[in-house]
Amino acid sequence: MRKTVQMRYLLLIPLIILAVICCYPVIFLATGALMDVGELTDNLGPVMKGSEGFVSWRFMPLFPTLQNYVELLLDSPQFFVMFWNSVKLTAGILAGQLLIGIPAAWGFARFEFPFRKAVYTLYIILMMMPFQVRMLSDYLILDRMHLLDSHLGIILPAVFSTFPVFIMYRFFRGIPGAIIESAKLDGAGALQIFLHIGIPLGAGGIVSAMVLNFLEYWNLIEQPLTFLKDKTLWPLSLFLPNIGLEKAGIAFVSSVVTLIPAVFVFLLGQDYLEQGIAAAAVKE
């Protein structure tokens with residue numbers, strides 16, 4: 001018994017070390033957000049300015065200050081414009097994916113129609129294609145539709161993403177057929193079965209898909225850079241590249257503020273996210 005307890009503690013030590021290593025970037029951001037310009041320049045100068053010496057860092061700043069938070073949250077209107085751009089883009093994309101992805105996943109999972117497997121395979125192929133492969137075709141289509149340099153040009157292609165369909169399909173496919181047959185015997189139609197059985201029982205897949213997609217689209221970089229020329233339409237993910245060493249403190253604070261919604265959504269949907277990852281790993 002004692003040996004078992006000792007083994008557990010021995011296993012915990014490397015796990016704790018790995019956890020600290022994984023959390024260090026977050027600690028780095030939180031600490032940097034509380035440093036003044038002079039301390040940040042002294043610490044990061046050898047890298048950012050090419051001065052002599054080596055980069056140094058402390059877990060606690062010498063003179064903690066909230067000046068960076070005040071400057072960003074009270075004196076940087078551009079930050080709030082880009083923050084609300086991110087909110088509009090992410091909310092629009094997720095709402096569209098709910099309207100398009102849920103019926104599509106249900107159709108693939110519960111209906112038999114010609115070439116169903118071939119079409120679903122095509123979905124999987126499209127899911128594995130990176131944005132760089134589709135960038136030119138997306139650009140030409142959006143240009144033809146006069147949607148370039150608009151938020152709709154970012155939202156529309158993402159709404160038809162195949163990834164949420166792939167996640168939700170696994171959950172809908174796992175609904176026992178006996179439940180659906182019982183509903184049919186009781187006189188329920190296809191729409192009633194979808195609304196009252198499919199969506200409630202597939203809620204885990206829906207939530208996990210939305211959590212994963214929020215984490216992806218909240219941090220969009222390539223699509224806005226490609227399709228948006230007007231910088232007033234840029235999302236928050238493009239705020240950081242415009243900040244230099246002289247405003248490094250604001251960069252740290254904006255990173256922390258940007259991270260908060262992602263962490264909050266992740267914690268809310270953590271259980272469903274684990275279910276989604278597990279379902280995605282199951283072979284058909």
Derivation of the side-chain contact (heavy atoms from CB on, under 4.5 Å) call for Phe166 and Tyr120: CA-CA 9 Å; Phe166 172 74; Tyr120 184 71; 3.3 Å; yes

Identify the heavy atoms of Ala33 and Val256 that sit nearest to each other, and give their distance. CB-CG2, 4.3 Å

side-chain contact (heavy atoms from CB on, under 4.5 Å) for Thr90 and Phe214? Distances and angles first, verdict last. CA-CA 7 Å; Thr90 306; Phe214 178 89; 3.4 Å; yes

Between Asp230 and Thr232, is there a donor-acceptor pair closer than 3.5 Å when you use the side chain of the first and the backbone of the second? yes

Are Phe79 and Val81 connected, step by step, through hydrophobic side chains (Ile, Leu, Val, Met, Phe, Trp, Tyr) whose heavy atoms are closer than 4.5 Å? no

Between Thr162 (side chain) and Met127 (backbone), is there a donor-acceptor pair under 3.5 Å? yes

On the 0 to 90° scale, with breaks at 30° and 60°, tag the Phe108-Phe113 ring pair as parallel, tilted or perpendicular. tilted

Hey, what do you get for OG (Ser208) to CG (Asn213), rounding to the nearest 0.5 Å? 9.5 Å

Spacing of CG belonging to Asp138 relative to CG belonging to Asp143, to within rounding of 0.5 Å: 12.0 Å

Does Leu228 offer a backbone N or O that forms a donor-acceptor pair with the side chain of Asp149 under 3.5 Å? no

Note: Thr226 and Tyr139 closest approach over all heavy atoms is O-CE1, 3.9 Å

Sidechain-backbone polar pair: His151 side chain, Lys88 backbone, donor-acceptor under 3.5 Å: no

Mind running side-chain contact (heavy atoms from CB on, under 4.5 Å) on Leu225 and Trp234 for me, showing each step along the way? CA-CA 8 Å; Leu225 280 175; Trp234 280 9; 4.1 Å; yes

Look at the side chain of Arg173 and the backbone N and O of Arg110, then say whether any donor-acceptor pair between them is shorter than 3.5 Å. no

Linking I/L/V/M/F/W/Y whenever their side-chain heavy atoms sit closer than 4.5 Å, directly or via other members, would Met82 and Ile221 fall into one cluster? yes

Pairing residues for Glu222 by the side chain to side chain donor-acceptor pair (under 3.5 Å) criterion, not counting sequence neighbours: Gln132

Cluster question for you: counting only ILVMFWY and a side-chain heavy-atom cut-off of under 4.5 Å, with indirect links fine, are Phe264 and Leu236 together? no

Which heavy atom of Gly202 sits nearest a heavy atom of Phe172, and at what distance? CA-CE2, 3.8 Å

Shortest non-hydrogen separation from Thr31 to Pro61 and the atoms involved: CG2-CD, 3.8 Å

Nearest 0.5 Å, what's the CE-CD1 distance between Met128 and Ile124? 7.0 Å

Judged by atom type as modelled, is there a donor-acceptor pair below 3.5 Å linking the side chain of Gln97 to the main-chain atoms of Ala158? yes

To the nearest 0.5 Å, atom CD1 of Ile193 lies from atom CG of Leu201 at 11.5 Å

Asn68 backbone acceptor or donor facing Glu71 side chain under 3.5 Å: no

Phe252-Phe28 aromatic ring centre distance below 6.0 Å: yes

Measure across Gly153 and Leu142 and return the closest heavy-atom pair with its distance rounded to 0.1 Å. O-CD1, 3.3 Å

Closest heavy-atom pair and its distance - Met168, Ala209: CG-CB, 4.2 Å

Leu99 and Val207: same hydrophobic cluster, using ILVMFWY side-chain contacts below 4.5 Å? no

For the side chain of Ser76 and the backbone of Leu73, is there at least one donor-acceptor N/O pair under 3.5 Å apart? no

May I ask you to decide if the ring planes of Phe111 and Trp106 are parallel, tilted or perpendicular, using 30° and 60° as cut-offs? perpendicular

Do Ile179 and Pro176 touch side chain to side chain, with heavy atoms closer than 4.5 Å? yes

Nearest-0.5 Å distance, NZ of residue Lys184 to CD of residue Gln192: 13.0 Å

Under a 4.5 Å side-chain heavy-atom rule over Ile, Leu, Val, Met, Phe, Trp and Tyr, are Val87 and Leu268 clustered together? no

Distance flag, aromatic centroids of Trp218 and Phe83, threshold under 6.0 Å: yes

Nearest-0.5 Å distance, CG of residue Leu185 to CD1 of residue Ile180: 12.0 Å

For Phe163, the ring-ring contact (aromatic ring centres under 6.0 Å, His included) test, sequence neighbours excluded, returns none

Taking atom CZ of Phe63 as the centre, does the number of heavy atoms from other residues, nucleotides or ligands within less than 6.0 Å exceed 12? no

Show the numbers, then the answer: is there a side-chain contact (heavy atoms from CB on, under 4.5 Å) between Ile206 and Leu98? CA-CA 8 Å; Ile206 296 171; Leu98 286 174; 3.7 Å; yes

